[in-house]
Amino acid sequence: MNLTLKIWRQTGPNDKGGLVTYQVSDISPDMSFLEMLDVLNEELNAKGEEPIAFDSDCREGICGMCGLMISGHAHGPERTTTCQLHMRSFSDGETITVEPWRAEAFPIVRDLVVDRGAFDRIIQSGGYISANTGAAPDAHAAPVPKPAADRAFMAAECIGCGACVAACPNASGMLFMGAKITHLGELPQGQPERDARVVSMVNQHDHEGFGGCTNIGACSQACPKGIPQDVISQLNKDLRTALKHGH
């Protein structure tokens with residue numbers, strides 16, 4: 001495959017950036033998108049040019065590090081992570097535009113790398129269970145209804161990649177936060193801090209500069225793990241309950 005790539009280059013957070021055009025050739029359809037970028041970087045290194053900075057870690061669709069806007073779509077045209085997107089999803093001769101996540105709460109560090117520390121700070125504000133539960137309990141020591149357990153597992157699949165924020169016209173992080181609220185709120189261990197958790201996380205979300213949710217649904221469509229939009233409804237329900245309780 002021969003491709004034209006228009007890639008966002010920016011040397012630092014306070015520098016002016018822009019799209020730079022590159023040509024790549026003999027790309028295997030079986031390569032992942034990141035492997036294709038690796039090939040381009042090897043060519044740039046060979047020419048003595050600065051390679052393109054982008055995030056990746058596990059390259060197995062688990063860590064959420066590899067988020068890119070690819071031709072206007074979070075993670076690209078397929079519902080998967082960028083590292084699991086293969087070049088067979090594109091056509092020979094196609095022009096592909098590659099940009100970083102665009103959100104005030106995700107400032108650009110360099111090229112395609114953004115700082116997603118805002119998600120970490122939201123989790124630090126309340127997305128955890130602080131009670132010391134001691135050693136691991138027996139499997140069925142704390143009875144949990146299967147529908148609740150299934151929903152908790154579903155919500156816990158969120159990998160915090162930020163695709164929901166990138167796809168949302170308001171750059172809202174509510175799907176991410178709703179997933180965290182739901183997976184802890186469905187389990188017995190999450191009940192003691194349930195009210196304080198949702199209030200603290202929502203306050204941190206707003207403080208970080210994320211936008212508000214207007215129920216467009218682009219977040220759920222872009223989510224590589226298929227987190228449903230109803231976790232946002234759960235978040236709003238928990239927030240209303242917490243405010244009624246005086247939190």
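Just so it is clear, the values below take in all heavy atoms, side chains as well, and ignore hydrogens, waters and symmetry mates. The residues of the chain are indexed from 1 along the displayed sequence.
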Report yes or no: do [X] and [Y] form a side-chain donor-acceptor pair below 3.5 Å?
| X | Y | answer |
| --- | --- | --- |
| Thr182 | Gln234 | no |
| Ser130 | Glu193 | yes |
| Asn170 | Thr214 | yes |
| Arg194 | Gln191 | yes |

State, yes or no, whether a side-chain contact exists between [X] and [Y] at a heavy-atom distance under 4.5 Å.
| X | Y | result |
| --- | --- | --- |
| Ile181 | Met201 | yes |
| Thr21 | Thr4 | yes |
| Glu43 | Leu40 | yes |
| Arg102 | Ile108 | yes |

Exercise for review: Determine the interplanar angle of the Trp101 and His75 rings, folded into 0 to 90°, and report it as parallel if under 30°, tilted if 30 to 60°, perpendicular if over 60°.
Suggested key: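 Geometry flag for His75 against Trp101: perpendicular rings.
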Review point. In terms of the angle between their ring planes, are Phe210 and Phe119 parallel, tilted or perpendicular, with boundaries placed at 30° and 60°?
Key: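 Parallel, since the angle between the ring planes stays under 30°.
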Note: [X]-[Y] ion pair, threshold 4.0 Å (strictly below):
| X | Y | value |
| --- | --- | --- |
| Asp15 | Arg110 | no |
| Asp195 | Lys244 | no |
| Arg151 | Asp230 | yes |
| Lys146 | Asp150 | yes |

Practice item. Compare every heavy atom of Cys223 with every heavy atom of Leu175, then report the nearest pair and how far apart it is. Key: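 Looking at all heavy atoms of both residues, the shortest contact is CD2-CB, 4.1 Å.
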Point to revise | Which atom of Ser71 lies closest to which atom of Thr95, heavy atoms considered | key: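 Nearest pair, atom of Ser71 first, then Thr95: OG-O, 4.2 Å.
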Review point. Does a sphere of radius 6.0 Å around CD in Glu157 hold more than 12 heavy atoms from other residues, nucleotides or ligands, not counting ones at 6.0 Å or beyond?
Key: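 For Glu157, atom CD is crowded (more than 12 foreign heavy atoms under 6.0 Å).
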Practice item. Calculate, to the nearest 0.5 Å, the distance between atoms CD and SG belonging to Gln229 and Cys219 respectively. Key: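 Between Gln229 CD and Cys219 SG, I get 5.0 Å after rounding to 0.5 Å.
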Review point. Which distance, rounded to the nearest 0.5 Å, do you find between the CD of Glu208 and the CD of Glu104?
Key: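 Answer rounded to 0.5 Å: 10.0 Å.
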Check your understanding: Can you check whether Phe54 and Phe33 have ring centres sitting under 6.0 Å from each other?
Key ->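 For Phe54 and Phe33, the ring centres are not under 6.0 Å apart.
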Point to revise | Donor-acceptor under 3.5 Å (Asn41 side chain, Asp38 main chain) | key: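 Pair absent, no side-chain N/O of Asn41 close to backbone of Asp38.
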